[in-house]
Amino acid sequence: MPLGVAIPAAMAALSGAIIAGVSGMTGLINPFVGVGLLAALLLMVWRPQTAIWLLIGGWVFVGIHQEWASQLPVGLNGEDVVVDATLLSVTASGGSQRLLLSVNACEAPSDAPSCRALQKVRVTAYGDSVYQVGEQWRLTLRLRPPSGFANPDVFDFEQWLWREGIHATGYVRQEPAAVKLADAGFSVRRMALDVLDNQPLSERTRRWLAALTLGEGERLTQDDWALLNATGTTHLVVISGLHVGLVAGFALLLARMASRLINPTNWRMRAWPWWAAAVVTVGYASLAGLAPPAMRAMVMALVGLWVLSGRHAPGIWQAWWLALGLVVVIDPLSLWRPGLWLSFLAVGWLIIIWQGRSRPRGIKGWCWALLRSQLLLAPLMAAAVLIAFERIAPASPLINLIAVPWVSSVMVPLALLGWIFAPLPLLGTGVWWLFEQALGVFYALLTQVVQIWPLWEPDQTLIYPLSGVLLWLALCWGLPSVPPWLRGGPVLLAVLLPWWSPQEPMPKGKLRVTVHDVGQGQLVELRSQQYRLLYDTGPRFQAGFMPLQTLWSPNQHFDQVIVSHADIDHAGGIGALLEDHSVARWQAPVGESLPVMATACERGQAWQRDGIAYRFLWPPAGSNTYSANDRSCVLEVSVGEKRLLITGDVSRDIERRFLRDVDLPVSVLVAGHHGSRTSSGVQFVQHAAPHHAIFSAGRNNPFQHPVDDVVRRFRKQGSCLWNTGHDGALRFWLQKDHPVIITPMRPQPDSAKRC
């Protein structure tokens, strides 16, 4: 493709992707898409030369809709399917293994929809089977369509699954047993990982070498990623332009040296060194797994080699657009990955701030160029990261001034040099030992800096104003001919804005309640002016994952945590609270076995905070004769005439015992036992007659909560029904003389009809 047509080609690819994204799964039946296709055909008849652009846009459009079509049909949710699959990755997760599978064949039950379109699934495997990347297995899987929890201001896992091209999630059934169909074939990448694993180096060094040189980011631990995120240095670890560019440059240097020896008279005119460098670049990116960052870097490196070869003289922006267009055509889903825009934004801004300037000379010139680039790049990238991830690393501009040259000039060359000398064990290990020392310096620096300037997650109301100020700062200092007096304004605003909040402080007597979406479990957060309470902590899954870990940034403080009882779906998140947060007071029923010292919740206990009244209706003082469910702490919260009632997992018999103690009217009831038939008895529902009833249950849970009988009881009373599995997290305010309005995180078309 000539570079002269790079911009229209890239625009055609972007247009196809955007139209496909807007049309969603409806595809061609969307009327706007139909009109667009008709207009495209008319344009092609009128201007035949536009056919190539329409073809590019159509290719991307079809590719994205192929991803929609490959998702697991709803009719196979919770059904067992048998697949023949190749293992793409294997990651240890607690006492289980997480497998990413490329599906070669899929067989569904005879009376169920077909699963032949399924291409990639992510499952958890329990048991003793040992899986290796590249092997082929026949597995019985229980799958569900890609989904995630929907909570306020948290990572959208469902969107991440879609943009990574994962079409279903689930787990491997232990019966019938998995059968290995074929061993893993020869793989240079796997052989390289085996070489690393056998090196006499520390575990940390081996995993960082795998990440830096082979793109094995999954080998890094959660603590590694937390440190990188907090310092704004994640871009240094993934296989990116830095690594691929170094490989391409080194390969070109060696090839041109060889050309000079072979053809001393006209070596500058030889084209093969550039081709050799391109082949090495593609080979290295393929060895690194061709993950999206590596693929982007490979394309941009190839375009760079083409431009630097001097055989064409395109504008630098044509090369930028060509790289963007090729990436979107090759991987249409990359348009929805923040990494795509962050990388191209960074390169584009570097082009702007260096266009028209002479090439740096000498050590002093290159040091000044690095300093200028980092200072001008930092505010723009901080604004982009703040919008994409709603966080900012205050230390990022400073740490990158040191980390970028250290990683690019010391660590990465040593890591790659170690591979060159790997056939000579002592020499290769010696080079990697030097890398280990450099990594220790790098790690110590990041650890020290993050203790001084930890990761900052600003209030939601500050994200866009602060991003705008940072963008203004970047433009004022990066663009030429900006008046000096204009450059000082954004600097002052960037310093002052974090101390200003457009939100008024929460008034006394107003309570914000959030029933979080945590799957088959319960976690309710109550927050007033100066008081923060949790009722239950959510579940802990078999793999060790606790949904509570995803809800807040570390170092949150909770004044009180009430654990209704010790069942894993209510008390499973205690470990995450102990590890990442602080709790002033714990309460739980007598006789519950918990990893914390908790005072007893007893019937009749009452307290007030910020003008809001709290009262326990159950269990009786000193009672230890009931079952775990029937010992649940039952909490009533009153704000004027508005009331919230949370009953834990108590049974219908217990509901009748505290029935007369319930103050009416009940504005919101978090229904007992997730909507199980053992709770929410007829007498209790008729007496409480809540205006809103919330079921904290998992989507498509195996218990079918809430059960039909319970749902009908509440509907008969005219209650508005909500389900976290269906609606996501539910948030509402309790305030005197104000109606209760519940806001779901997943708005449904029928939400206005449920009351």
Side-chain angles (χ1 to χ4, degrees), residues 72 77-103 106 118 120-149 155 157-158 160-161 164 166-181 184 190 193 197 203 206-207 210-211 216-226 518-521 537-550 567-576 578-580 595 698-703:
L72 184 76
N77 179 55
E79 298 288 339
D80 288 348
V81 299
V82 179
V83 303
D84 293 349
T86 304
L87 273 64
L88 300 178
S89 71
V90 181
T91 307
S93 178
S96 62
Q97 300 175 81
R98 185 174 295 121
L99 312 178
L100 186 63
L101 307 176
S102 174
V103 178
C106 182
L118 208 59
K120 190 191 294 186
V121 299
R122 186 175 187 257
V123 295
T124 302
Y126 304 96
D128 300 326
S129 296
V130 178
Y131 300 95
Q132 298 291 334
V133 173
E135 294 176 340
Q136 295 185 29
W137 286 76
R138 176 163 294 160
L139 305 165
T140 301
L141 308 178
R142 179 157 292 182
L143 300 176
R144 58 181 176 271
S147 63
F149 301 135
F155 175 70
F157 182 66
E158 185 172 343
W160 179 84
L161 290 172
E164 293 300 318
I166 296 173
H167 306 131
T169 60
Y171 62 94
V172 180
R173 300 280 283 173
Q174 296 188 29
E175 293 294 337
V179 178
K180 185 193 292 188
L181 301 178
R190 190 163 51 255
L193 290 172
D197 290 337
E203 173 61 29
R206 289 198 296 267
R207 67 175 183 260
E216 283 288 322
E218 290 186 349
R219 289 202 171 196
L220 296 181
T221 66
Q222 191 64 36
D223 290 339
D224 292 332
W225 284 115
V518 292
Q520 189 64 16
T537 65
R540 179 187 180 96
F541 299 138
Q542 188 174 353
F545 171 67
M546 294 168 280
L548 186 143
Q549 294 172 306
T550 66
D567 283 1
I568 198 68
D569 55 337
H570 294 256
I574 290 178
L578 292 174
E579 183 177 348
D580 298 328
R699 179 189 290 188
N700 302 315
N701 64 84
F703 313 103

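Using a 4.5 Å cut-off on side-chain heavy atoms (C-beta onward), R144 and N700 make no contact. I166 has its side chain within reach of L100: a pair of non-hydrogen atoms, C-beta onward, lies under 4.5 Å apart. In this structure, T550 and F155 have side chains that are not in contact, with every pair of non-hydrogen atoms separated by 4.5 Å or more. Looking at V90 and Q132, their side chains never come closer than 4.5 Å, going by heavy atoms from C-beta outward. At least one side-chain heavy atom of P176 sits under 4.5 Å from a side-chain heavy atom of T140. At a threshold of 4.5 Å between non-hydrogen side-chain atoms, the residues Q542 and T124 do not count as touching.
Heavy-atom contacts from other residues, nucleotides or ligands closer than 6.0 Å to CZ of R98 number 12 or fewer.
The two atoms that bring A168 and L118 nearest to each other are CB-CD1, 4.2 Å, heavy atoms only. Residues G521 and P539 share a closest heavy-atom pair of CA-CD, 4.2 Å. Taking every heavy atom of both residues into account, Q520 and D569 meet most closely at O-CB, 3.3 Å. Closest of all the heavy-atom pairs between C106 and V81 is SG-CB, 4.1 Å. Across every non-hydrogen atom of A125 and V172, the tightest pair is CB-CG2, 3.9 Å.
Side chain of H167 to backbone of K120: a donor-acceptor contact under 3.5 angstrom is found. With hydrogens and angles ignored, the 3.5 Å screen pairs a side-chain donor or acceptor of R142 with a backbone N or O of G78. No donor-acceptor pair under 3.5 Å is formed between the side chain of S102 and the backbone N or O of A85. One N or O on the side chain of Q97 and one on the backbone of S129 form a donor-acceptor pair closer than 3.5 Å. Although no hydrogens or angles enter the test, the distance criterion places a donor-acceptor pair under 3.5 Å between the side chain of N701 and the main chain of F703.
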side-chain contact (heavy atoms from CB on, under 4.5 Å) evaluation trace for L101 with L87: CA-CA 5 Å; L101 307 176; L87 273 64; 3.8 Å; yes

Criterion side-chain contact (heavy atoms from CB on, under 4.5 Å) on V82 and R138, from CA distance to verdict: CA-CA 7 Å; V82 179; R138 176 163 294 160; 3.9 Å; yes

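For R540, the side chain to side chain contact (heavy atoms under 4.5 Å, CB included) partners two or more places apart in sequence, or in a different chain, are M546, I568.
The aromatic rings of F149 and F541 sit tilted relative to each other, their planes meeting at an angle between 30° and 60°.
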